[in-house]
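Letters A, B, ... mirror the listed sequences (proteins, then strands); counts begin at 1.
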Amino acid sequence: MAGENQTVSEYIVHHLTNHTFGKLPAGYERYDGSIVGEGGAWVMAHGGEEAAAMGFNAIHVDSMAWSIGLGILFCWLFRRMAVKATSGVPSGMLNAVEMIVGFVDNTVRDTFHGRNKLIAPLALTIFVWVFLMNLMDLIPVDLVPWLLTFVGVGYQKIVPSTDPNITMGMAVGVFILMLYYSIKVKGFGFVKELTLNPFNHWAFIPINLFMEVVGLLAKPFSLGLRLFGNMYAGEMIFILIAALFSAGLAWAVPAGLLQIGWAIFHILVITLQAFIFMVLTIVYLSMAHEDH
Amino acid sequence: MNINLTLIGQMIAFVCFVVFCMKYVWPPLLAAMQEREKKIADGLAAADRANHDLELAKEKAVERLSEAKSEAAGIIDSANKRANQIVEEAKQTAVVEADRVKASAQAEIEQETNRAREQLRAQVATLSLAGAEKVLGKSIDRNAHAELVDQLASEL
């Protein structure tokens, strides 16, 4: 909706702003000139500046809602199929669900050699959930935000995985699991792994510790930021293509072709990113279970 | 791109969904799939076994058939042999019977001939005596010439 009174950069910024609810600090001057009173105020942010002023005490309502909504969709759909599943002949949706479950099960079996009842359901949840979140990218960028303006919602980012909070939230969850299983399985061996690798000498402990901790911390970051980066870039290109439509009728046809081409290519990207997130989770947790 | 409470919210949601999936989604789905897998494997194995059995039965049937054929051939052979034997035997008995009948007929003929010859001889003796009597004009002492007459008769 690069409207008549909106420049392209305003349009893009508008599309990249989350619908944020948070606490504005005391003394902040709001968009309408009012000053936030003593102790701050929990309000809906009006624009990116207010959202930035809220700092950590804010929540992206759109990301959260879409993410949880899609998670519930996943749970509902798979639970329904799980209830329906028998050893008889499967049909329709059950086939698709079982295909995904079988695929995830195979991947987990190939990669993870320990015995852990958590890994496979975790991998399934990640794969389907991330896929659904990425899938929102294929909905035309303006459709949902435009519809929501009619109910008074000014900002809307409907692809949760273009929000680093969402991807990092999952990555940190996986990271906590990694730490938990490392300590549970290896015990003191985990400390040894951090301090006496790769140079097995006490004098090298600080260097080892530094290298290993960096290596360890790189895992959740690579996990979360890879997904975020890919989806953010993809979304950005969709927005840019959408902005092309405002450049006049002559641009409509090439923009339309670009839109279709990029969307088709993106079908591959969203599936691949969901798969990569899942596989890396399995690999990291597998490493947490294995002694060197 | 600010990090905020959304991160915590997402983590909590993540945990909830994973726990739900682990408790209510994964086990029943996988159990159903594994059960079906087992069922299919059993079915395939049963089909294989049935196929194998069928093959065996076919082999057996062929074997039995050839056995029966050779048996039948044997029976026909022996029957033929027996028939030939019976015919042969019948022929032989017939020949023997014919010989016997012929021999007895010949013997009878010989007997008849002998008897006729004896009769003839006796009649020749009488006739020659009567002739001689006629020629000599007197009776001949039968006893005195009996030896001569007998000799004559035996020479006939």
Side-chain angles (χ1 to χ4, degrees), chain A residues 16 18 20-22 48 51-52 54-61 63-64 67-68 71-72 74-75 77-79 81-90 94 97-98 101-102 104-105 117-118 120-122 124-126 128-129 160 163-170 172-174 176-177 228 232, chain B residues 1-70:
Chain A
L16 293 179
N18 281 101
T20 313
F21 177 77
M54 286 169 179
F56 190 75
N57 286 328
I59 202 151
H60 292 156
V61 180
S63 294
M64 256 356 288
S67 145
I68 292 174
I72 288 171
F74 154 70
C75 285
L77 180 67
F78 275 63
R79 174 62 191 165
M81 290 307 146
V83 171
K84 240 173 82 176
T86 58
S87 57
V89 180
L94 186 57
V97 165
E98 286 194 356
V101 170
V104 171
D105 193 42
K117 278 189 175 156
L118 175 70
L122 176 76
L124 177 70
T125 311
I126 285 175
V128 180
W129 197 18
D163 185 344
N165 289 297
I166 297 294
T167 60
M168 283 312 293
M170 295 176 85
V172 170
V174 172
I176 290 169
L177 278 176
F228 162 69
Y232 188 76
Chain B
M1 293 313 106
N2 26 16
I3 293 293
N4 53 31
L5 282 173
T6 314
L7 184 109
I8 313 288
Q10 176 71 3
M11 273 171 69
I12 295 166
F14 183 45
V15 170
C16 293
F17 290 140
V18 169
V19 167
F20 181 87
C21 182
M22 195 171 116
K23 283 238 155 73
Y24 301 108
V25 174
W26 188 264
L29 267 175
L30 209 71
M33 284 167 71
Q34 276 169 350
E35 206 182 310
R36 182 174 325 120
E37 207 169 287
K38 198 172 159 288
K39 241 168 135 178
I40 292 172
D42 286 354
L44 286 178
D48 269 356
R49 247 195 333 270
N51 251 345
H52 186 67
D53 286 355
L54 183 68
E55 209 116 296
L56 280 183
K58 263 185 191 162
E59 253 168 48
K60 220 174 204 173
V62 167
E63 207 173 283
R64 290 291 285 275
L65 201 65
S66 68
E67 223 168 74
K69 260 184 192 162
S70 71

* Taking every heavy-atom pair that is under 4.5 Å apart, which of A:I126, A:V172, A:D105 has the most such pairs with chain B? -> A:D105
* For each of A:W129, A:F74, A:F78, tally heavy-atom pairs with chain B at distances under 4.5 Å, and name the one with the top tally. => A:W129
* **Top of A:T125, A:T167, A:I166 for chain B proximity - count of heavy-atom pairs under 4.5 angstrom** => A:I166
* With only heavy atoms counted, which part of A:V83 is less than 4.5 Å from chain B, the side chain, the backbone, both or neither? -> neither
* **Contact leader toward chain B among A:G173, A:P90, A:G48, where contacts are heavy-atom pairs under 4.5 Å** => A:P90
* Structure fact -> If one checks every heavy atom of A:K117 against chain B at 4.5 Å, the contacting part turns out to be backbone
* To do: Run the numbers on B:W26 and A:V101 for side chain to side chain contact (heavy atoms under 4.5 Å, CB included), then give the verdict.
  => CA-CA 8 Å; B:W26 188 264; A:V101 170; 3.7 Å; yes
* **Which atom of B:R36 lies closest to which atom of A:G88, heavy atoms considered** => NE-O, 2.7 Å
* Asked: What residue, out of B:C21, B:P27, B:A31, B:P28, has the most heavy-atom pairs lying under 4.5 Å from chain A?
  -> B:C21
* Structure fact -> Bottom line for A:L177: the part with an atom under 4.5 Å from chain B's heavy atoms is neither
* To do: Between chain B and each of A:M168, A:K84, A:M170, count heavy-atom pairs under 4.5 Å; write down the option with the most.
  => A:M170
* Structure fact -> Output for pair (A:M54 CE, B:L5 CG), nearest 0.5 Å, gives 11.0 Å
* Pairs of heavy atoms under 4.5 Å with chain B: top-ranked of A:T20, A:I72, A:V97 -> A:I72
* Smallest separation among heavy atoms of A:C75 and B:V25, with atom names -> O-CG2, 4.4 Å
* pair B:M22-A:L122: side-chain heavy atoms closer than 4.5 Å -> no
* From the options B:E37, B:E35, B:M33, select the one residue that forms a side chain to side chain contact (heavy atoms under 4.5 Å, CB included) with A:S87. => B:E35
List, one per line, each side-chain donor-acceptor pair under 3.5 Å for residues 6-19 of chain B, sequence neighbours excluded.
unit_1	atom_1	unit_2	atom_2	d
B:T6	OG1	A:H60	N	2.8
B:T6	OG1	B:N4	OD1	2.6
B:Q10	OE1	A:S67	OG	2.7

